[in-house]
Amino acid sequence: MALHPVFEHRWDLTPKEAIALQQELRGRVEITDRYGEIRWVAGVDVGFEARNTITRAAVAVLAYPSLELHEHAIARQPTRMPYIPGLLSFREVPAVLEAMARLDSRPDLLLCDGQGIAHPRRFGIASHLGVLLDVPAIGVAKTRLVGTHDAVPEGRGESVPLVDRGERIGAVLRTRSRVKPLFISPGHRMGLEHAVEWVMACTTRYRLPETTRRAHRLASCD
DNA sequence: GCGACAG
DNA sequence: ATCTTGTCGC
């Protein structure tokens with residue numbers, strides 16, 4: 001099993017080249033539901049070691065709906081470029097792909113740290129991973145990259161549209177009452193409505209979904 | 001030219 | 001992201 005890219009492209013690109021590639025690949029993003037039974041949900045996160053010289057990617061595969069940890073994979077690579085707003089995936093995805101290739105199971109859905117289409121060119125890290133691996137993916141970000149929104153009602157499960165240039169690109173979702181909301185957007189093969197539902201379905205008593213929490217601990221701690 | 005800016 | 005202790009609130 002494991003998840004492997006369905007096509008390849010270069011990663012050693014200049015910012016201009018990376019932006020051009022995003023413009024090209026954005027055409028492959030599907031924001032309508034295209035998935036079957038979801039049995040394995042994977043959380044994806046990345047951390048850094050040795051003064052940011054090492055990039056450490058972590059994937060935690062949980063069973064759905066029990067949300068119990070099924071398996072996990074870690075991958076370390078030399079950090080290849082700095083963080084540039086809008087180009088996050090070129091810094092983090094290579095390491096994530098290596099971790100994905102190490103899995104024994106095959107995730108049915110990815111919950112990624114960062115944006116999906118809620119991105120200047122509608123191609124955030126969740127879309128990039130989703131398209132490369134041809135798997136349903138959702139962007140789950142803790143803060144905003146682009147877009148504006150109204151105040152979010154205080155109750156758990158409440159959400160408001162995230163809009164950019166007149167386009168509805170995501171939702172600002174309150175996963176816990178009176179706690180800072182998350183920015184949810186479709187990554188690939190997933191519509192906004194269901195993206196929000198899947199995030200809620202993977203969230204128990206904390207602000208972040210269990211998938212993200214498990215991946216985060218794997219990417220940061222030992 | 002002046003801010004804003006996922007992780 | 002990461003550097004870091006205590007502390008305010010439910």
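Per chain, numbering begins at 1; letters A, B, ... match sequence-line order.
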Sugar-phosphate, base or nothing in reach of G139(A), heavy atoms under 4.0 Å: nothing
Side-chain donor-acceptor contact under 3.5 Å, E71(A) with S105(A): yes
Sugar-phosphate, base or nothing in reach of L182(A), heavy atoms under 4.0 Å: nothing
Contact under 4.0 Å: T143(A) side-chain N or O vs dG7(B) OP1/OP2: yes
R144(A) side chain near dC5(B) phosphate (N/O to OP1/OP2, under 4.0 Å): yes
Aromatic stack Y83(A)/dG7(B): centroid gap under 5.5 Å, interplanar angle under 30°: yes
L87(A) CG - dA4(B) P separation (whole Å): 20 Å
Protein-nucleotide distance (I138(A), atom CD1; dA6(B), atom C1'), rounded to Å: 16 Å
Phosphate contact (dA6(B) OP1 or OP2) by K142(A) side-chain N/O below 4.0 Å: no
Rounded interatomic separation in angstrom, taking CD from E154(A) and P from dG9(C): 16 Å
For atom CG of L162(A) and atom P of dC5(B), their distance in whole Å: 12 Å
Comparing R91(A) and R178(A) on DNA chain C - which has the more 5′ nearest nucleotide: R91(A)
Within 6.0 angstrom of R80(A) CZ, more than 12 heavy atoms from elsewhere: yes
Residues R121(A) and Q22(A): side-chain donor-acceptor under 3.5 angstrom: yes
H216(A) side-chain N/O to dA1(C) phosphate OP1/OP2 under 4.0 Å: yes
d(CD, E49(A); C1', dT2(C)) in whole Å: 12 Å
Sugar-phosphate, base or nothing in reach of I84(A), heavy atoms under 4.0 Å: nothing
Those residues that, when tested against Y83(A), pass side-chain contact (heavy atoms from CB on, under 4.5 Å) (two or more places apart): P85(A), L88(A), R91(A)
Euclidean distance, atom CZ of residue R207(A) to atom P of dG9(C) [Å, nearest integer]: 20 Å
Nearest-angstrom distance from the residue atom NE2 of H119(A) to P of dG7(B): 12 Å
Under the ring pair (Phe, Tyr, Trp, His ring centres under 6.0 Å) test, residues paired with F48(A) that sit two or more places apart: none
